[in-house]
Amino acid sequence: MTKSQGSESVTLRIPSDVVANIEAVADATDRSRSYIIVRALKTYLLNEGADILAAARGRDQIAAGEYEDIDDIIADVDKIVAGHAA
């Protein structure tokens, strides 16, 4: 089997009940198991995976000193509410 350009082969163990659901969806949509699995992984990465990566980026920004102190932000908001420019 030749490797598609831009893709890699990955071996993993999937619980039997999950494989059964994947096969049922693949049969119902006339798609391959690989197609269904890739779509499921992309959906995960767009949702929960994106949240995890955003949190990791946030931690990196804090470690690099790229953040605003909440007390300073609240003080600026209080000035704006009181009618003074920040």
Side-chain angles (χ1 to χ4, degrees):
M1 177 180 239
T2 61
K3 185 164 83 169
S4 298
Q5 187 176 20
S7 68
E8 294 185 31
S9 178
V10 176
T11 302
L12 65 141
R13 298 190 63 75
I14 301 174
S16 298
D17 61 324
V18 175
V19 172
N21 286 334
I22 291 167
E23 288 178 347
V25 172
D27 288 343
T29 59
D30 198 29
R31 299 286 189 168
S32 68
R33 291 191 320 181
S34 290
Y35 177 87
I36 302 305
I37 293 167
V38 169
R39 293 279 300 188
L41 289 170
K42 285 182 176 183
T43 299
Y44 170 84
L45 291 171
L46 285 171
N47 294 295
E48 188 174 340
D51 293 343
I52 292 167
L53 294 176
R57 280 191 303 274
R59 285 191 300 270
D60 291 344
Q61 288 174 325
I62 290 169
E66 300 170 6
Y67 63 91
E68 296 293 330
D69 186 278
I70 190 68
D71 292 329
D72 293 339
I73 294 170
I74 292 171
D76 288 344
V77 170
D78 287 343
K79 287 179 187 175
I80 292 169
V81 169
H84 302 99

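Bear in mind the structure is a predicted one, so any value in this text is a computation, not a measurement.
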| said: Tell me which pairs pass salt bridge (charged side-chain N to carboxylate O under 4.0 Å, His left out) where either residue lies in residues 49-70, with sequence neighbours left out. | reply: none
| note | When D72, I70, V77 are each screened for side-chain contact (heavy atoms from CB on, under 4.5 Å) with I74, the one that passes is I70
| Taking only residues at least two apart or on different chains, which pairs with a member in residues 15-28 satisfy side-chain hydrogen bond (donor to acceptor under 3.5 Å, both in side chains)? | E23-R33
| said: Which residue in the set I14, V10, L12 passes side-chain contact (heavy atoms from CB on, under 4.5 Å) when paired with I37? | reply: I14
| remark: Scanning both residues in full, the closest heavy-atom pair of V25 with T29 reads O-OG1, 2.7 Å
| Same apolar cluster: L41 and V18, side chain cutoff 4.5 Å | yes
| query | Taking only residues two or more places apart in sequence or in another chain, which ones pass side chain to side chain contact (heavy atoms under 4.5 Å, CB included) with E48? | reply | Y44, I52
| said: Would a single hydrophobic cluster contain both V38 and I22, if residues Ile, Leu, Val, Met, Phe, Trp and Tyr are joined by side-chain heavy-atom contacts under 4.5 Å? | reply: no
